[in-house]
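Lettering follows sequence order; numbering is per chain, from 1.
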2 protein chains.
Amino acid sequence: MDGSVRPARRLDPEARREQIVAAAVCYFAEVGLGGTTRDLARRAGITQALLYRYFASKDELVEAVYQRIFLGRLKPHWANELRDRSVPIESRMLRFYRDYATIFTYEWIRIFMWAGLAGQKLNQRYMGRVTTQLLGPLREEIAADGRYRAPAMEELWALHGGVVYLGIRRHIYRLPTPEDDGPVVEANVARFLAGLLSKKTPPDPIRRDMRPAERAEAPNGARRKCGAAKRAEARAGD
Amino acid sequence: MDGSVRPARRLDPEARREQIVAAAVCYFAEVGLGGTTRDLARRAGITQALLYRYFASKDELVEAVYQRIFLGRLKPHWANELRDRSVPIESRMLRFYRDYATIFTYEWIRIFMWAGLAGQKLNQRYMGRVTTQLLGPLREEIAADGRYRAPAMEELWALHGGVVYLGIRRHIYRLPTPEDDGPVVEANVARFLAGLLSKKTPPDPIRRDMRPAERAEAPNGARRKCGAAKRAEARAGD
DNA sequence: GTTTTTGCTGATCAGATGATCAACAAGGAA
DNA sequence: TTCCTTGTTGATCATCTGATCAGCAAAAAC
């Protein structure tokens, strides 16, 4: 007996579409966006042809998966709560990061990473919002507290990356990780703030010291040059 | 004129194999391990058939790419230098992480991530070595210094993740990042150590509080259950 | 029960992809 | 020049994959 589910009864279109998207999120998270429509259909217990009654193309289905996974993940109230100065900054940060860590589910983190590798602009938009809505306010609030020096944005990214990395180790590299993320997040936030007590100047790189975003393809269509490409080019020149 | 290189002259077998692997590292880093042999050959300026004179299968070529990228990346002298107590621990950590950050090249980080998503055991082996050869000693050395409390392994992973995350933002999400990693790494290491000065107890989760490594497939061949799969299972039961 | 609607399936097509092989031709040996 | 070795190629095969469509059958309408 295989894991597939055979009897696909007649279903309400809305329910069927919902079921397909849910199965697609699960399937694509595991095998990547290059997974086949046949495998997906088998897991969902339907025929491959049925997918095309609900989605015009595989791309459209993938788009629905993106919507399902990423839409509304950044809660607007996070930014508000981060700015609520009636609460100590330590409590605000702890509360936020404990909450934020919960979005790093198996499906979210893997699909997000696959989308990033595939060059989806979606990731850049999301990360941009993290900067403006979360890390920016966070920096201001920490500085406004008075006891801490203002962290450089890169330092906030490092804190952020530490939390994300826990999800990467767990769901991408499939390594053993703590059963409960809470204490880990708490320790990291507390240590981060404690590290800001020493008043050394924050080394925030200014804009001209930033390397621009890499592009998947240069404007002229040329690709990133690796060693081999460079050598081939040189060879073509003689 | 396209970017491909037409005249592929007769080459010494060793040189040709080298050229193919180099081109494959570049190509697979960009498009993923699902890239086609035809595209790869076009970029390398050779015919697709020629690949199969040097590699029995695409899998074997991918294996060669793994070897090229990951073999010997963890320098043995890192562990030695980390343990050299004639040098202040701050200097040792700074030197190590400045050096370590250089391995996060475009090719390395992308192929490593793709391999991880694909469930390669390679990643787990590598991460295991990071634990035993780098983070373990690091923890001991920090504690041995006397001025700092011993960091929990999860705290060291957070520091580590912060550095890795810089590479992820740059090469996977293709976001703007600092031109020079040095100051960023230095700030993070310094803040990490400063954060260990406050003597609060380290919350190291003990083994029974760790969730085991996730498996791509359960022993019985069953897959990870997402919402859709669970629902389908329930439906099959009536 | 009969008719109508429509959710669903099996068959099928065109293009892509990994892999194979006979034949060609570049470069050295005679 | 002539011969021989072998690096390289174009053609080709079997399979896989996204996508289409006529027709079946389950549920609703009558």
Side-chain angles (χ1 to χ4, degrees), chain A residues 2 4-25 27-28 30-66 114 118 228 231-232 235-236 238, chain B residues 2 4-25 27-28 30-66 114 118 228 231-232 235-236 238:
Chain A
D2 57 359
S4 63
V5 184
R6 275 282 137 262
R9 303 215 295 267
R10 285 168 76 98
L11 226 57
D12 178 74
E14 202 169 337
R16 179 65 78 189
R17 187 187 161 96
E18 159 60 34
Q19 179 219 358
I20 290 175
V21 173
V25 166
Y27 173 68
F28 287 133
E30 182 175 330
V31 309
L33 304 171
T36 70
T37 54
R38 281 176 226 281
D39 272 349
L40 166 59
R42 192 176 315 124
R43 286 209 198 177
I46 61 176
T47 59
Q48 183 237 7
L50 187 57
L51 294 176
Y52 288 88
R53 183 172 177 89
Y54 295 89
F55 301 93
S57 65
K58 184 186 169 186
D59 276 347
E60 197 174 282
L61 173 55
V62 169
E63 197 55 42
V65 168
Y66 283 150
W114 252 310
R231 241 169 289 135
R235 199 183 58 213
D238 56 33
Chain B
D2 57 358
S4 62
V5 185
R6 275 283 136 259
R9 302 213 296 268
R10 284 168 76 96
L11 225 56
D12 178 73
E14 202 169 337
R16 178 66 79 190
R17 187 187 162 97
E18 159 61 34
Q19 179 219 357
I20 290 175
V21 173
V25 165
Y27 173 68
F28 287 133
E30 182 175 330
V31 307
L33 305 170
T36 69
T37 54
R38 282 175 170 75
D39 271 349
L40 166 59
R42 192 176 316 124
R43 286 209 199 176
I46 60 176
T47 59
Q48 182 237 6
L50 189 57
L51 294 175
Y52 288 87
R53 184 170 177 87
Y54 294 89
F55 301 94
S57 66
K58 184 186 168 186
D59 277 347
E60 197 175 284
L61 173 55
V62 169
E63 197 55 43
V65 168
Y66 284 149
W114 252 309
R231 240 168 290 138
R235 198 184 57 215
D238 55 32

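- Summarising the geometry, atom CZ belonging to Arg9(B) is positioned 10.0 Å from atom CZ belonging to Arg16(B); distances are rounded to the nearest 0.5 Å.
- Terminal axes of the helix from dG1(C)-dC30(D) to dA30(C)-dT1(D) (five pairs each, C1' rotation axis) are separated by 0°, to the nearest 10°.
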(Q) Let's go through Trp114(A) and Val31(A) carefully: what are the C-alpha distance in whole Å and the side-chain angles of both, what is the deciding distance for side chain to side chain contact (heavy atoms under 4.5 Å, CB included) to 0.1 Å, and is it a yes or a no? (A) CA-CA 10 Å; Trp114(A) 252 310; Val31(A) 309; 5.6 Å; no

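- Within the model, atoms CZ of Arg42(A) and OG1 of Thr37(A) stand 10.0 Å from one another, a figure rounded to the nearest 0.5 Å.
- Within the 4.0 angstrom heavy-atom criterion, no nucleotide atom of any strand lies near Gly34(B).
- At whole-Å resolution of the value, CG in Leu40(B) and C1' in dT17(C) are 13 Å apart.
- If you take OH of Tyr54(A) and P of dA19(D), they are 18 Å apart, rounded to a whole angstrom.
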Q. Could you go step by step and tell me if Leu61(B) and Leu40(B) meet the side chain to side chain contact (heavy atoms under 4.5 Å, CB included) rule?
A. CA-CA 11 Å; Leu61(B) 173 55; Leu40(B) 166 59; 3.5 Å; yes

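- If you take NZ on Lys58(B) and OG1 on Thr36(B), they are separated by 7.0 Å, rounding to the nearest 0.5 Å.
- Between Leu50(A) atom CG and dA11(C) atom P there is a gap of 17 Å when expressed in whole angstrom units.
- Taking atom CG of Leu61(A) as the reference point, atom P of dA19(D) lies 10 Å away to the nearest angstrom.
- Taken to the nearest 0.5 Å, the OG1 atom of Thr47(A) stands 11.0 Å off from the CZ atom of Arg53(A).
- Dashed line: the shortest gap from a side-chain N or O of Arg53(B) to OP1 or OP2 of dT9(D) is not under 4.0 Å.
- Remark: Asp12(A) CG to Arg17(A) CZ distance equals 12.5 Å, nearest 0.5 Å.
- Atom CG in Leu51(A) sits about 10 Å away from atom P in dT9(C), given to the nearest Å.
- Here the C1' atom of nucleotide dT17(C) and the CG atom of Leu33(B) are 16 Å apart, to the nearest Å.
- Contact annotation: the side chain of Ile20(B) approaches that of Ile46(B) to within less than 4.5 Å [non-hydrogen atoms, C-beta and beyond].
- For the side chain to side chain contact (heavy atoms under 4.5 Å, CB included) with Glu60(B), the lone residue among Tyr54(B), Phe55(B), Tyr52(B) that qualifies is Phe55(B).
- Following rounding to the nearest Å, Phe55(B) (CZ) and dT8(D) (C1') show an atom-to-atom distance of 16 Å.
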Please tabulate the protein-to-nucleotide N/O contacts below 3.5 Å involving nucleotides 19-21 of chain C, giving atom names and distances.
unit_1	atom_1	unit_2	atom_2	d
dA19(C)	OP2	Tyr52(B)	OH	2.7
dA19(C)	OP2	Lys58(B)	N	2.8
dA19(C)	N7	Gln48(B)	NE2	3.0
dA19(C)	N6	Arg38(B)	NH2	3.4
dA19(C)	N6	Gln48(B)	OE1	3.0

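- As rounded to whole Å, 15 Å separates atom C1' of dT9(D) from atom CG of Leu11(B).
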Restricting to nitrogen or oxygen on both sides, can you table the protein-nucleotides 25-29 of chain D pairs closer than 3.5 Å?
unit_1	atom_1	unit_2	atom_2	d
dA26(D)	N3	Arg10(A)	NH1	3.0
dA26(D)	N3	Arg10(A)	NH2	3.3

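- Between Tyr66(A) and Leu33(A), some side-chain heavy-atom pair lies under the 4.5 Å cut-off.
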